[in-house]
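Reviewing the structure listed below.
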Amino acid sequence: MKKGFIFVIIALILLVAYMLVEPYWIETKHITLESDQIPAQFDGKTIVFLSDIHAGPFFSQDRIDSLVSQVNAMNPDLILLGGDYIDGDSAYINSTFESLSKLEAPLGVYAVLGNKDPQDYTLDAIPNYGITYIGNKGTWIEENGSRIRLGGVGDYNNGAQIQNATTSVVTPQDFVILISHNPDYFPKVNKSKVDMVFSGHTHGGQVTFFGLWAPSTHSDYGNKYRTGVIEENNSTLIVSNGIGTTILPIRFFARPQIIVVELKKT
């Protein structure tokens, strides 16, 4: 009985220790997106997607600086930021975006808001630090005479979602990317026009049953859009586990992620 009790105590200590360590164990998740709508000039281009940094007491500026260095070392062509840069406290906005301003990509760095971001403060900070805000806006990304369409929508819980700003000017031949912080917006996406959607918000469940299921995903769809690549009606949703944590600085079989997508023309 005594040995069994000691074993349980040791197992619990190891479990808690692992949950505290996993938030620092960032995974680089590589995804190849194939489409005949990708222009030849974009074949092989790479997109890095970051979401849910949650800067604050549990995620320091040093960790953000390290993240930025890690991303820049990948030499991405395009960087997309999916919101929740801070964990609600506006005191961390300037220091966070000072670090994020050092992200480098020849095709640009674009951002939308998340539900934890104080909207007015964050909307001021994004352009002030050289990042392009793309929420409820669309733009053409051009390369050697060809182009793809990029847009974003406002946070699903705290704002409007105007995808027509992205899709109203596209043709069926255009390759179109949309950023929505919350994957719950995916069922509302015009999949006849939007080819790829990037989302975060769920943290991959943050604490899961060995990566198979999570009791909480902050999604109305439960585990359906918890993490990974989801295909629906010729459109692809990519949901990141995010970088930081919320409520408690722990993760369990939901490692933080840097998403790297390579575009491949078919």
Side-chain angles (χ1 to χ4, degrees), residues 14-31 46-74 76 78-89 92-93 95-97 99-100 102-103 105 109 111-117 155 179-183 197-219 223 225-230 237-262:
L14 291 174
L15 177 64
V16 172
Y18 176 79
M19 295 173 75
L20 291 169
V21 168
E22 187 175 278
Y24 294 85
W25 188 20
I26 297 176
E27 171 191 16
T28 301
K29 185 177 180 67
H30 292 272
I31 299 167
T46 56
I47 303 170
V48 162
F49 177 61
L50 298 176
S51 189
D52 299 275
I53 294 171
H54 287 274
F58 299 138
F59 205 100
S60 68
Q61 188 169 1
D62 285 344
R63 289 176 69 185
I64 302 173
D65 288 336
S66 177
L67 174 67
V68 167
S69 296
Q70 188 174 351
V71 170
N72 285 342
M74 298 174 182
L78 178 65
I79 297 175
L80 307 179
L81 305 177
D84 275 9
Y85 308 101
I86 64 170
D87 203 36
D89 187 344
Y92 291 91
I93 287 179
S95 59
T96 297
F97 280 96
S99 295
L100 294 177
K102 298 169 187 173
L103 288 167
V109 182
V112 299
L113 295 184
N115 60 295
K116 291 281 190 175
D117 299 313
D155 178 62
I179 314 170
S180 169
H181 173 71
N182 192 326
V197 178
F198 286 97
S199 295
H201 183 65
T202 64
H203 296 201
Q206 192 163 310
V207 176
T208 76
F209 183 75
F210 298 100
L212 302 174
W213 178 85
S216 175
T217 62
H218 304 286
S219 168
N223 280 254
Y225 299 137
R226 178 175 64 85
T227 188
V229 180
I230 299 101
L237 171 65
I238 298 174
V239 184
S240 171
N241 289 355
I243 295 293
T245 58
T246 190
I247 302 177
L248 292 172
I250 58 174
R251 283 180 178 265
F252 189 69
F253 282 79
R255 287 174 60 188
Q257 291 178 335
I258 298 171
I259 301 292
V260 182
V261 173
E262 180 181 356

Do L78 and T46 touch side chain to side chain, with heavy atoms closer than 4.5 Å? no
In chain order, what residues pass the side chain to side chain donor-acceptor pair (under 3.5 Å) check against S219, with sequence neighbours excluded? D184
Would H201 and D52 count as having a side-chain donor-acceptor pair, cut-off 3.5 Å? no
Please enumerate all residues that pass side chain to side chain donor-acceptor pair (under 3.5 Å) together with D155, with sequence neighbours excluded. N158
Rounded to the nearest 0.5 angstrom, the CG-CG distance for L15 and L20 is 9.5 Å
State the CG-NE2 distance between D117 and H54, to the nearest 0.5 angstrom. 8.0 Å
So, do V48 and M74 sit near enough that their side-chain heavy atoms are less than 4.5 Å apart? yes
Applying side chain to side chain contact (heavy atoms under 4.5 Å, CB included) to L50 and L67, what does each step give before you reach the verdict? CA-CA 10 Å; L50 298 176; L67 174 67; 4.2 Å; yes
Enter the distance from S51:OG to Y85:OH here, rounded to the nearest 0.5 Å. 7.5 Å
Output every pair passing side-chain hydrogen bond (donor to acceptor under 3.5 Å, both in side chains) with a member in residues 241-254, not counting sequence neighbours, ordered by first then second residue. D87-T246, T227-N241
Got a donor-acceptor contact below 3.5 angstrom from the Q61 side chain to the T96 backbone? no
Side chain to side chain contact (heavy atoms under 4.5 Å, CB included) between Y225 and T202, worked out: CA-CA 8 Å; Y225 299 137; T202 64; 5.6 Å; no
Tell me if a side-chain donor or acceptor on Q206 pairs with a main-chain N or O of I250 at a distance below 3.5 Å. yes
According to the side-chain hydrogen bond (donor to acceptor under 3.5 Å, both in side chains) rule, which pairs have a member within residues 64-73, sequence neighbours left out? D65-S99
When you compare the side chains of H203 and H218, does any donor N or O come within less than 3.5 Å of an acceptor on the partner? no
Do we get R63 above Y24's six-membered ring, with its NZ or CZ under 6.0 Å from the centre and within 45° of the axis? yes
Identify every side-chain donor-acceptor pair in residues 207-216 under 3.5 Å, counting partners at least two apart or on other chains, and give the distances.
{"unit_1": "T208", "atom_1": "OG1", "unit_2": "G211", "atom_2": "N", "d": "2.7"}
{"unit_1": "T208", "atom_1": "OG1", "unit_2": "F252", "atom_2": "O", "d": "3.0"}
{"unit_1": "T208", "atom_1": "OG1", "unit_2": "F253", "atom_2": "O", "d": "3.1"}

Has the side chain of S199 got a donor or acceptor atom that lies under 3.5 Å from a matching backbone atom of S180? yes
Residue list, ring-ring contact (aromatic ring centres under 6.0 Å, His included) with F198, at least two apart or on another chain: F49
With rounding to the nearest 0.5 Å, note down the distance linking CD1 in I259 to CD1 in I243. 8.5 Å
